[in-house]
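What follows is one structure encoded as structure tokens, with my remarks underneath.
Note that the structure is predicted; figures quoted are calculated from it, not measured.
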Amino acid sequence: MNQLTSVSTLPTVTGHVDHAKNGHVQGWVYDPAAPQQDLKVEILCNDEVVAYGPADQFREDLEKAGIGDGKHMFNLPLSYELSDGQVHTLIAREAKSGVILKGGPLQFGPETCSWEFDLISRKQGLEILHGLLASPALSAQATKAESLARLYWGGSLAQETGKLSEARHIWHAILKALDENALCHCKLGETYLLQDQREAALESYRAAAAADPCLHWAHLGIANAQCLLGRLNEEEEALEVVVALRPNDTAIQARFEQVQTRALSARIDTLLADGKREEAIQQLKRLLLANPEHRLAQEKLGELLLPESGCDISLPGLVQLAEYLKAQRLLELFLDHTETLLQERAPQ
């Protein structure tokens, strides 16, 4: 009797995963024992769910094959984290029964999808969340850690697969449960950037920085939003904070130096366009005295200190002469500065 009961309750779900490309995975799933039931499908990569949704789309060949009314196809967006230029192995299963669909495992990739801003990965976000829950201020929430982690996981999957309104609803729910926290404000900022709502994103990242000034993701988000808004000086200021928080991050350091160069060039060009040549020279002098190796400051200051000759620089030797005169002017600048310092320190 028990054996018959066991056999009768075996899942009758059948289905097939057809292909994974262009950021989506497609196939069908059907339960002949419950033909009107809309089934849900999960796509897994390394035991992580990277896509989820219903199999409720019509496909003519399914109807002709007698697979219900034909409305059993799925075409699910995959997590954007898989578009990283790597090859990933995918398995499809019916969510409730866990039945693995035929046709897999599938290979997805390599595909790439990049943005002009940084995103906190699902793994990084969960690590930050666990750190929050371990803090003394949130010790009362420790018993809810598992449920909050599941909620965060659901928000991540929704965001990664383009369900941004659903993701925002979850980030607000976690904010309500944990009160103000930088992580959820950063994730809200990401959803706005993904929809090109730059001002809304900036507001969220500023709220994140206010909640936790030490979380570098908050300031990096501010820098990204300011960059997309075309505010070079503000981007530079935010990146300076990120560099202070992450002094060993070579990628951040390289970006900061690039932005510094662009911002300096833009400031000097603006001063010159406004007829403020002397102010431009003084600004470059201060920068170069503080950082003698600053190549752009050397170049621009050398040009400003070099008197206009009106000569045709295409003539042999004139380019080299101009470079020599620039170097001479810069050397004179450092010598004058050194002499001034010595006079100031000399005993009266």
Begin with the C-alpha distance, continue with both residues' side-chain angles, and end with the deciding distance and a verdict on salt bridge (charged side-chain N to carboxylate O under 4.0 Å, His left out) for Glu236 and Arg231. CA-CA 9 Å; Glu236 181 186 16; Arg231 300 168 184 166; over 6 Å; no
Tell me, do Val25 and Phe108 make a side-chain contact under 4.5 Å, heavy atoms counted? no
Asp31 side chain to Ala33 main-chain N or O, any donor-acceptor pair under 3.5 Å? yes
Going by atom types alone, do Ser121 and Glu81 pair a side-chain donor with an acceptor below 3.5 Å? no
Does one side chain, of Gln159 or Trp171, offer a donor that lies under 3.5 Å from an acceptor on the other? yes
Do the side chains of Arg198 and Asp196 get close enough for a salt bridge, i.e. N-O under 4.0 angstrom? yes
Within-4.5 Å side-chain heavy-atom neighbours: Asp69 and Phe58: no
Is the shortest distance from a Lys or Arg side-chain nitrogen in Arg122 or Glu48 to a carboxylate oxygen in the other one below 4.0 Å? yes
Please tell me if the side chains of Gln37 and Leu39 come closer than 4.5 Å, counting only heavy atoms from C-beta onward. yes
Student check: side-chain heavy atoms of Ile91 and Ile100 closer than 4.5 Å: yes
Per the side chain to side chain contact (heavy atoms under 4.5 Å, CB included) rule, which among Val99, Leu101, Thr14 passes with Val29? Leu101
Shortest non-hydrogen separation from Ala182 to Asp212 and the atoms involved: CB-CB, 3.6 Å
Quick one: does any side-chain atom of His219 pair with a main-chain N or O of Pro213 as donor and acceptor, under 3.5 Å? yes
Short side-chain donor-acceptor distance under 3.5 Å, Gln195 and Arg168: yes
Does some side-chain heavy atom of Leu90 sit less than 4.5 Å from a side-chain heavy atom of Leu44? no
Nearest heavy-atom approach of Leu126 to Ala149 is CD2-O, 3.9 Å
Presence of salt bridge, Arg150 and Glu146, under 4.0 angstrom: yes
Given Cys45 and Thr89, is the side-chain contact (heavy atoms from CB on, under 4.5 Å) satisfied, shown in steps? CA-CA 6 Å; Cys45 178; Thr89 301; 5.9 Å; no
Could you go step by step and tell me if Ser83 and Thr112 meet the side-chain contact (heavy atoms from CB on, under 4.5 Å) rule? CA-CA 4 Å; Ser83 296; Thr112 56; 5.7 Å; no
Return yes if some donor-acceptor pair links the side-chain N/O of His24 with the main-chain N/O of Asn22 below 3.5 Å, else return no. yes
Can a side-chain donor-acceptor contact be found between Gln57 and His72 if the only test is distance below 3.5 angstrom? no
Decide yes or no on side-chain contact (heavy atoms from CB on, under 4.5 Å) for Val49 and Ile43, but give the supporting numbers first. CA-CA 6 Å; Val49 177; Ile43 308 298; over 6 Å; no
Are the side chains of Leu183 and Trp217 in contact, using a 4.5 Å heavy-atom criterion? no
Counterpart residues, ring pair (Phe, Tyr, Trp, His ring centres under 6.0 Å), relative to Phe74 (two or more places apart): none
Shared hydrophobic cluster, Leu76 / Tyr52 (ILVMFWY, side-chain heavy atoms < 4.5 Å): no
Do Asp18 and Leu106 come within less than 4.5 Å of each other through their side chains, counting heavy atoms only? no
Flag side-chain contact, heavy atom, 4.5 Å: Ile67 against Trp28: yes
Give the minimum heavy-atom separation between Val17 and Ala92, together with the two atoms involved. CB-CB, 3.8 Å
Determine whether a donor-acceptor pair (N or O, by modelled atom type, separation under 3.5 Å) exists between the side chain of Gln253 and the backbone of Asn248. no
Check the side chains of Ser97 and Glu94 for a donor-acceptor pair under 3.5 angstrom, ignoring hydrogens and angles. yes
Is the shortest distance from a Lys or Arg side-chain nitrogen in Arg255 or Asp118 to a carboxylate oxygen in the other one below 4.0 Å? yes
For Glu235 and Asn224, indicate whether the former's side chain and the latter's backbone hold a donor-acceptor pair under 3.5 Å. no
Keeping the roles fixed (side chain from Lys187, backbone from Ile120), state whether a donor-acceptor pair exists under 3.5 Å. yes
Among Ile, Leu, Val, Met, Phe, Trp and Tyr joined by side-chain contacts under 4.5 Å, find the other residues sharing a cluster with Phe117 and list them by chain and number. Tyr80, Trp115, Leu119, Leu164, Leu193, Leu194, Leu202, Tyr205, Ile222, Leu228, Leu229
